[in-house]
Amino acid sequence: WWKVARPAVLAVTFLPAVMLIGRFVLGGAYSWAVRHNHTVVFRVVLLFLIVASCWASLKVGLSVALGGFIAGLAVSQHRESHNMLEAQLP
């Protein structure tokens with residue numbers, strides 16, 4: 001039964017872990033970059049979150065697309081998410 005339950009358990013524990021890291025750990029970096037208007041730092045932090053989430057999801061046996069989706073959820077939950085979107089648009 002563990003072969004069937006393992007992906008579900010990993011997905012259920014992976015989602016809150018990435019959300020918490022995105023909100024509390026990287027949230028300070030987001031806020032600092034917005035406050036000081038550092039778009040390069042802002043983009044690097046955003047890229048780091050996406051790549052780290054995809055890599056972590058791959059390492060726990062989930063799909064890379066799920067990791068990217070969860071990183072997008074973590075970014076959208078931040079209070080500066082509208083600034084993140086504006087910084088990325090041409």
Side-chain angles (χ1 to χ4, degrees):
W1 71 270
W2 180 243
K3 286 185 179 183
V4 175
R6 184 177 184 269
V9 170
L10 289 175
V12 168
T13 56
F14 184 69
L15 176 65
V18 172
M19 296 295 284
L20 288 173
I21 290 170
R23 178 171 287 196
F24 294 113
V25 176
L26 297 177
Y30 288 143
S31 299
W32 182 83
V34 169
R35 226 180 8 252
H36 297 291
N37 202 17
H38 288 290
T39 57
V40 174
V41 173
F42 198 64
R43 288 181 179 163
V44 168
V45 169
L46 187 62
L47 183 64
F48 174 75
L49 175 65
I50 294 168
V51 170
S53 177
C54 290
W55 177 80
S57 70
L58 185 65
K59 285 298 179 183
V60 298
L62 301 172
S63 70
V64 177
L66 182 64
F69 176 72
I70 293 172
L73 287 176
V75 168
S76 71
Q77 295 298 318
H78 195 269
R79 65 182 176 274
E80 301 292 342
S81 63
H82 62 281
N83 290 335
M84 291 181 215
L85 181 60
E86 289 175 6
Q88 302 308 313
L89 294 176

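Closest approach of Ser53 to Gly67, counting heavy atoms only: OG-O, 2.6 Å.
For Val64, the side-chain contact (heavy atoms from CB on, under 4.5 Å) partners are Cys54, Leu58, not counting sequence neighbours.
Listed by chain and number, the hydrophobic cluster partners of Trp55 come to none, as no ILVMFWY side chain reaches under 4.5 Å of it.
In terms of hydrophobic clustering, with Ile, Leu, Val, Met, Phe, Trp and Tyr side chains grouped at heavy-atom distances under 4.5 Å, Leu73 and Leu66 are assigned to a common cluster.
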What side-chain donor-acceptor pairs closer than 3.5 Å can you find for residues 12-22, not counting sequence neighbours?
residue	atom	partner	partner atom	Å
Thr13	OG1	Val9	O	3.0
Thr13	OG1	Leu10	O	3.1

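In this structure, OG in Ser63 is found 11.0 Å from CZ in Phe69, a value given to the nearest 0.5 Å.
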